[in-house]
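In what follows, a single structure is set out as structure tokens and then discussed.
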There are 2 protein chains.
Amino acid sequence: MLEARLQQASILKKLLDAIKELVTDANFECDEEGLKLQAMDNSHVALVAVELQADGFTEYRCDRPMPLGVNLASLTKVMKCARDDDQVQLKANDNADSLHLLFENEATDRTGEYDMKLMDIDQEHLGIPDTSYDATIALPAGEFANICRNLSTLGESVKIEAGKDGVRFSADGESANGSILLKSSGRATVSKPDAGSSKKKENGVKKEKKGGNDDDDEVKEEDEDDEIQEVKADNDDDEDDDEDDEEEEEEDGKKRKKKQKSGPAKKQRKQDRDESDDKVYITLNQHVSLTFSLKYLVNFAKSSSLSPRVTLSMSGDVPLLVEYKFEQGSVRYYLAPKIGDE
Amino acid sequence: MLEARLQQASILKKLLDAIKELVTDANFECDEEGLKLQAMDNSHVALVAVELQADGFTEYRCDRPMPLGVNLASLTKVMKCARDDDQVQLKANDNADSLHLLFENEATDRTGEYDMKLMDIDQEHLGIPDTSYDATIALPAGEFANICRNLSTLGESVKIEAGKDGVRFSADGESANGSILLKSSGRATVSKPDAGSSKKKENGVKKEKKGGNDDDDEVKEEDEDDEIQEVKADNDDDEDDDEDDEEEEEEDGKKRKKKQKSGPAKKQRKQDRDESDDKVYITLNQHVSLTFSLKYLVNFAKSSSLSPRVTLSMSGDVPLLVEYKFEQGSVRYYLAPKIGDE
DNA sequence: CGAAGTCCTG
DNA sequence: CAGGACTTCG
């Protein structure tokens, strides 16, 4: 049996908005750790991985692991019936064929109850390989969304080049070419090109050491790399005003929460440049240049409503990881690079 | 070679929004005075004339006159990649086949670079005849836009009648007729019907005196007519709160600039009625009544984002001039009246 | 056809 | 101020 209470319906609503276009049906895998959803997108090109941690719920109880096969369109419909600040209780009996949703609002005396049909979904749970990335770019989610949308008006794909000074997104189109450069904001970790290989090895070792829980920490891992920490210390002039850097997202989730409460999605994007950390941090072991389909990136960027910051992680010929972390969990997207020039 | 830097991308964005529906391709004629664009609309009914004065740019350099053949849709796409407060640098080498645009923002460390293909456009530069208008109506741009939009739901054309007391816009439709009267705000120049002819002569003389630079000042000229100035003095009760009158647009560009910075297009239109000069001024030598296609006027009215005020200038059987002036230049539209009743 | 932004209304 | 509807764009 699953019984979980979420403080704010908006989280779930935003989550669904973010992924419903990519995935139509998926299993929410419930266990004592929380809810996880993992699915290939409809055209089997991108992978979506959602996590809602048990401790992100105000109440959480899951006696034994169970999959909830959900049609995301249906769930979206139901969630649209909730107000953003409603509390949501999710309830499913073992082997139940339906999910029960209860929407409550302390302020008003209104409650809503919904039962949504569940479905059996055969879904191989894909193992996501642990990857140590050569480049990790943390930037404002709105900025990333903006760049993807802009460039998608010019062309189909974007080349993302992460260098020590910044990251460049460029697209070629019939009528115009465009290139956007984000300069890294001082904290960038710079490895000399020739130092890259040894650095990479270090990461490899580290990974073995860390073992099985890497799945959670691919990005974090790089940030916590000792040598990188050293470099950070050298550049800690901006340490104080970093509120949304990816480490703090883990250490200090409450700050994040406040921020999300105060700003609805649309505003958040606009305010990103003013109120949130609008800096760009690049953690680089090696210069990386890869090309991706903008159509997917634009889609991923819908998750901007969930978090003011996004992290892009790249390594040569490995899928790009686009990650949005928020208080209750995270959404991660994986997208394989385009090969050759197209 | 052209090299020009504009303080705010928004000017260019708004300009394109204003005219891109009317004109698909056009030459930006660059010379040391600035950029000029002149084109018939796609159906060769209306004429659009844009001027961006060299001194409206923070930097401007144009060694020798050159036309930049631009597809406005392409340029619009590129400009959409700029933020409103980005600085824009335009750069084109002599005989270059592309225009280079650089978007920079002091606040952020983001820059965008775009190369847009140019095209060869055979374009006869049309001489716009100097006209002294019988009636000139200055009114809030939003008001004009609203009237045109409203009436266009009723019928195809609007009859604009300028009289001493005000201006009447009326449209006949199948289901309903409509007529909107804007009363002139006291400052109107009233010539008695029989005095009209002598007044007209005065204008004629004046025009000869002013000579070749009339092209810029058709409207202003009428406003600065001595007799009109007198009338103004008689009615100067509103002189103090006129912030957006067309003369001040020339004399006090900085005020205007501030206003444009603080208010994005949408707000501006809403605030027009509240914060800006919402008065209607009519300069009249002779009663004029002409009929125009609403479709075009609605299109012209898109320029409202560029200026809170618009000026309509009419004379019998001569094209209507709809003019929006702003700090960096102006957009003018010419539209021939409909003949007969339809 | 779906999504995003804008406008308008309660 | 927020929610819903419309319009326009992709």
Side-chain angles (χ1 to χ4, degrees), chain A residues 8-10 13-24 41-43 72-74 76-77 79-86 103 105 107-108 110 112 141-142 144-158 171 173-176 178 261-272 293-306, chain B residues 10 13-14 16-22 24 72-84 141-143 145-150 152-153 263-274 295 298-299 301-302 304-305:
Chain A
Q8 283 194 86
S10 58
K13 295 173 83 166
K14 290 174 186 170
L15 194 53
L16 287 163
D17 280 342
I19 67 171
K20 70 167 194 287
E21 186 128 344
L22 242 26
V23 183
T24 56
D41 84 294
N42 295 328
S43 41
L72 295 184
S74 303
T76 301
K77 276 187 192 171
M79 290 307 300
K80 280 230 195 297
C81 301
R83 303 230 167 115
D84 279 359
D85 54 350
D86 280 356
F103 301 148
N105 196 310
T108 73
R110 158 175 165 157
F144 179 61
N146 192 263
I147 289 170
C148 292
R149 251 186 287 117
N150 284 165
L151 292 183
S152 72
T153 65
L154 298 181
E156 305 263 294
S157 18
V158 59
E174 292 174 8
S175 57
K261 264 182 185 164
S262 65
K266 200 169 37 168
K267 258 184 204 162
Q268 217 170 34
R269 211 180 312 154
K270 272 180 195 160
Q271 291 169 349
D272 232 7
S293 157
L294 274 166
K295 180 183 142 199
Y296 286 95
L297 297 187
V298 166
N299 235 311
F300 300 167
K302 286 182 187 164
S303 299
S304 300
S305 54
L306 285 162
Chain B
S10 57
K13 295 172 85 166
K14 290 173 186 169
L16 287 163
D17 281 342
I19 66 171
K20 70 166 194 285
E21 192 125 340
L22 241 27
T24 55
L72 295 185
S74 302
L75 184 54
T76 302
K77 271 189 192 174
V78 173
M79 288 308 301
K80 280 224 199 300
C81 301
R83 303 217 168 125
D84 279 357
E143 184 90 72
N146 194 262
I147 290 171
C148 293
R149 252 186 284 117
N150 287 161
S152 72
T153 63
K266 193 175 45 175
K267 261 186 201 160
Q268 220 170 31
R269 210 179 312 153
K270 270 181 195 162
Q271 291 170 350
D272 230 8
R273 289 190 294 278
D274 308 323
K295 180 183 142 201
V298 166
N299 236 311
K302 287 182 184 163
S304 300
S305 53

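By convention in this document, chain letters (A, B, ...) are assigned in the order of the sequence lines, proteins followed by strands, and residues within each chain are numbered from 1. Just so it is clear, the structure is predicted and the values come from calculations on it, not from any experiment. Computation of the quantities below employed the complete heavy-atom set of this structure, encompassing side-chain atoms and omitting hydrogens, waters and symmetry-equivalent molecules.
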Take atom NZ of Lys302(A) and atom C1' of dG2(C), then tell me their distance rounded to the nearest Å. 8 Å
Lys80(B) NZ to dA4(C) P, in whole Å, measures 16 Å
Nearest whole Å is fine: how far is dT7(D) P from Asp17(B) CG? 19 Å
Carboxylate-amine/guanidinium proximity below 4.0 Å for Lys302(B) and Glu21(B): yes
Atom pair distance, as rounded to whole Å: CZ in Arg149(B) and P in dT8(D): 11 Å
To the nearest angstrom, how far is Lys77(B) atom NZ from dG10(D) atom C1'? 10 Å
Take atom CG of Asp86(A) and atom P of dG3(D), then tell me their distance rounded to the nearest Å. 11 Å
Out of Gln8(A), Lys13(A), Lys14(A), which residue meets the side-chain hydrogen bond (donor to acceptor under 3.5 Å, both in side chains) rule with Asp84(A)? Lys13(A)
With a 4.0 Å cut-off on heavy atoms, is Lys295(A) in touch with a base, just the backbone sugar-phosphate, or nothing at all? nothing
Leu294(A) CG to dA3(C) P, in whole Å, measures 18 Å
Distance, rounded to the nearest Å, where Glu156(A) contributes CD and dG10(D) contributes P: 14 Å
Just to verify, what does Lys77(A) make a side chain to side chain contact (heavy atoms under 4.5 Å, CB included) with, not counting sequence neighbours? none
Who pairs with Asp41(A) by side chain to side chain contact (heavy atoms under 4.5 Å, CB included), at least two apart in sequence or on another chain? Leu22(A), Ser43(A), Val45(A), Ala46(A), Tyr296(A)
